[in-house]
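First the structure, in the form of structure tokens, and then the observations on it.
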Amino acid sequence: MTRFHWTCESTDGAARAGTLHTAHGPVSTPTFMPVGTVGTVKAMTMDAVRSTGAGIVLGNTYHLMLRPGAERVRALGGLHRFMDWPGPILTDSGGFQVMSLGALRKLDQDGVTFRSHIDGSEHRLTPESSTDIQHALDATITMCFDECPALPAPPEAIAASMRLSMRWAARSREAYVQREGYGQFGIVQGGTEPELRAESVKALTDVGFEGYAIGGLAVGEGQALMFSTLEATTPLMPQDKPRYLMGVGTPDDLLGGVMRGVDMFDCVMPTRAGRTARAYTERGTLNLRNARHATDSRPISPHCDCLACTRHSRAYLHHLFRANEILGPMLLTWHNIAYYQRLMRQMREAITTGTLQTLADTLRAGWQASDWTDDEMPQPAIPLAP
């Protein structure tokens with residue numbers, strides 16, 4: 001059985017390229033985890049997710065405990081078998097979702113009582129029950145139960161929330177069942193206050209986890225403040241453990257995070273954008289609903305090998321969205337996940353060759369540029385399906 005650990009293979013400045021070793025296989029880092037909240041990456045089959053090069057996906061405790069229920073998933077062979085993903089799965093603890101319920105939840109020192117957004121039924125999550133649910137799901141990576149306050153917030157409120165999360169982290173660790181090849185991550189909190197982030201890192205490393213996440217960012221503070229917070233936080237984190245920035249983000253956010261020492265990311269942006277006709281590309285974001293695509297026989301991107309780009313034109317995708325056909329969101333989600341995975345591979349290669357800054361300059365220039373010209377992107381015939 002493989003021991004759960006992360007190995008660093010190359011560095012370029014603060015950026016790291018490495019491999020996360022787990023019971024469910026290795027994952028090259030930096031990595032982006034497609035979000036499979038309720039046991040599915042929306043609008044994709046798991047074969048499609050695999051085809052993009054994704055090595056690890058994310059599930060969610062809150063949603064899966066409500067339906068179909070953790071014990072049912074356990075009885076059906078665990079989340080890996082249930083959703084047809086034999087590779088590693090990280091499960092968010094449910095803390096962020098519960099905190100987002102507003103008036104539907106009540107927080108106390110022991111945990112959170114809340115009403116389901118589905119049917120109004122009452123439930124309770126504590127550090128122990130969240131950890132137990134993730135164990136029942138057979139999560140490769142279990143996350144500590146924490147509180148994530150919205151920003152901006154008064155420093156004293158952020159400090160109180162962070163210290164509550166640190167107490168919950170210690171309880172989550174006590175409830176965690178050690179298994180070969182599995183791991184649990186602590187979550188660094190503290191808003192954008194460097195001294196609170198430092199206090200949180202120390203509290204978590206004193207407990208000891210297999211990896212460490214950075215939570216409480218991308219919640220309204222803006223990219224510049226997020227980046228400065230990372231710059232103050234990642235140097236304090238253990239050098240030999242994986243670092244995960246939760247819920248981030250745009251391609252430029254991923255690039256900035258990697259350049260500041262982050263190894264793992266997740267975000268709903270690429271899948272949500274795919275369902276709303278937005279395609280991420282090397283030349284920024286395209287809206288396939290726009291009329292200018294109605295007669296465009298070119299693919300979304302000449303550099304992408306996803307099904308949307310190799311088999312279909314922008315005009316066809318435009319038609320699918322205008323006609324409200326479900327195939328449109330499916331194809332565009334596939335494209336966006338493929339783009340995010342290609343971006344992570346580019347960054348990993350650049351770290352290995354010591355050219356990350358050059359890549360960053362090229363990527364950012366491309367994201368600010370206009371669409372490809374006909375000379376830059378010839379219009380090949382779109383092959384028909386066999």
Side-chain angles (χ1 to χ4, degrees), residues 6 8 11 13-16 18 29-30 33 90 92-93 95-96 98-100 107 109 127 130 141-173 183-250 252-267:
W6 178 82
C8 182
T11 61
R16 299 128 52 101
T29 64
M33 299 179 284
L90 181 149
D92 191 355
S93 70
F96 179 80
V98 169
M99 300 311 157
S100 300
L107 172 72
Q109 291 297 307
S130 171
I141 299 175
T142 294
M143 299 303 299
C144 286
F145 190 60
D146 67 334
E147 183 192 14
C148 179
L151 299 179
E156 56 272 19
I158 295 173
S161 173
M162 180 273 290
R163 289 164 188 152
L164 175 62
S165 289
M166 296 307 97
R167 293 193 294 273
W168 285 0
R171 288 169 53 190
S172 295
R173 190 59 173 175
Q184 184 183 40
F185 284 18
I187 304 175
V188 179
Q189 291 289 354
T192 57
E193 307 294 326
E195 66 279 6
L196 294 181
R197 289 283 173 175
E199 180 182 336
S200 181
V201 171
K202 183 179 187 307
L204 293 173
T205 53
D206 285 349
V207 173
F209 292 91
E210 285 73 35
Y212 296 87
I214 303 163
L217 293 177
V219 290
E221 75 282 357
Q223 188 190 70
L225 195 49
M226 177 177 73
F227 284 170
S228 65
T229 303
L230 289 177
E231 289 166 4
T233 304
T234 55
L236 306 176
M237 300 171 74
Q239 296 294 311
D240 62 342
K241 300 292 178 68
R243 303 168 182 159
Y244 162 33
L245 179 56
M246 304 179 74
V248 175
T250 67
D252 193 37
D253 290 338
L254 301 186
L255 174 62
V258 167
M259 296 181 78
R260 290 162 176 83
V262 176
D263 309 303
M264 302 169 66
F265 304 84
D266 82 283
C267 190

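Below, each value reflects all heavy atoms present in this structure, side chains not excepted, and no hydrogens, waters or symmetry copies. The shown structure was predicted, so the numbers you read here are calculated from the model rather than taken from an experiment.
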**Request:** Using atom types as modelled and distance alone, determine if a side-chain donor or acceptor of S93 lies under 3.5 Å from a backbone N or O of S130.
**Result:** no
**Asked** So, T29 side chain and G18 main chain: donor-acceptor pair closer than 3.5 Å or not?
**Response** yes
What is the distance from atom [atom1] of [X] to atom [atom2] of [Y], rounded to the nearest 0.5 Å?
X: R197; Y: T192; atom1: CZ; atom2: OG1; value: 8.0 Å
X: L204; Y: C144; atom1: CG; atom2: SG; value: 7.0 Å
X: Y244; Y: M33; atom1: OH; atom2: CE; value: 4.0 Å

**Message:** For L90 and D266: C-alpha separation, side-chain torsions, deciding distance, then whether side chain to side chain contact (heavy atoms under 4.5 Å, CB included) applies.
**Reply:** CA-CA 10 Å; L90 181 149; D266 82 283; over 6 Å; no
Can you give each donor-acceptor pair under 3.5 Å made by side-chain atoms of residues 205-222, sequence neighbours left out, with the distance rounded to 0.1 Å?
from: T205; atom 1: OG1; to: V201; atom 2: O; distance (Å): 2.9
from: T205; atom 1: OG1; to: K202; atom 2: O; distance (Å): 3.1
from: D206; atom 1: OD2; to: K202; atom 2: NZ; distance (Å): 2.9
from: E210; atom 1: OE1; to: R173; atom 2: NH1; distance (Å): 2.9
from: E210; atom 1: OE1; to: R173; atom 2: NH2; distance (Å): 3.4
from: E210; atom 1: OE1; to: Q184; atom 2: N; distance (Å): 2.9
from: E210; atom 1: OE2; to: R173; atom 2: NH2; distance (Å): 2.8
from: Y212; atom 1: OH; to: F209; atom 2: N; distance (Å): 3.0
from: E221; atom 1: OE1; to: A218; atom 2: N; distance (Å): 3.1
from: E221; atom 1: OE1; to: V219; atom 2: N; distance (Å): 2.9
from: E221; atom 1: OE2; to: A218; atom 2: N; distance (Å): 2.6

Does [X] have any side-chain hydrogen bond (donor to acceptor under 3.5 Å, both in side chains) partners at least two apart in sequence or in another chain, and if so, which?
X: T250; result: D253
X: D92; result: none
X: S161; result: E147
X: T142; result: none

**Item:** Residues forming a side chain to side chain contact (heavy atoms under 4.5 Å, CB included) with A159, sequence neighbours excluded
**Value:** R163, L196
Looking at [X] and [Y], what are the two nearest heavy atoms and their distance?
X: F265; Y: V248; value: CB-O, 3.4 Å
X: A232; Y: P194; value: CB-CB, 4.2 Å
X: T233; Y: T229; value: OG1-O, 2.7 Å
X: G247; Y: C267; value: O-SG, 3.8 Å
X: S165; Y: D146; value: OG-CB, 3.6 Å

Quick one: side chains of residues 257-264, donor-acceptor pairs under 3.5 Å with protein atoms, not counting sequence neighbours, listed by atom name and distance.
from: R260; atom 1: NE; to: E231; atom 2: OE2; distance (Å): 2.9
from: R260; atom 1: NH1; to: G256; atom 2: O; distance (Å): 3.0
from: R260; atom 1: NH2; to: E231; atom 2: OE2; distance (Å): 3.2
from: D263; atom 1: OD1; to: R16; atom 2: NE; distance (Å): 3.0
from: D263; atom 1: OD2; to: R16; atom 2: NE; distance (Å): 3.4
from: D263; atom 1: OD2; to: R16; atom 2: NH2; distance (Å): 2.8
from: D263; atom 1: OD2; to: R243; atom 2: N; distance (Å): 2.9

**Asked** Is there any side-chain hydrogen bond (donor to acceptor under 3.5 Å, both in side chains) pair reaching into residues 149-160, and which pairs are they, with sequence neighbours excluded?
**Response**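 Those involving residues 149-160 do not exist here.
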**Prompt:** Can you check side chain to side chain contact (heavy atoms under 4.5 Å, CB included) on M162 and E193, steps first, answer last?
**Reply:** CA-CA 11 Å; M162 180 273 290; E193 307 294 326; over 6 Å; no
**Request:** List for me each residue that meets salt bridge (Lys or Arg N to Asp or Glu O under 4.0 Å) alongside D240, sequence neighbours excluded, and say none if there are none.
**Result:** none
**Request:** Please lay out, stage by stage, how E199 and M166 fare under the test side chain to side chain contact (heavy atoms under 4.5 Å, CB included).
**Result:** CA-CA 10 Å; E199 180 182 336; M166 296 307 97; over 6 Å; no
**Asked** Within a reach of under 6.0 Å around CZ of F96, are more than 12 heavy atoms found that belong to other residues, nucleotides or ligands?
**Response**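 Not buried by this count: 12 neighbours or fewer within 6.0 Å.
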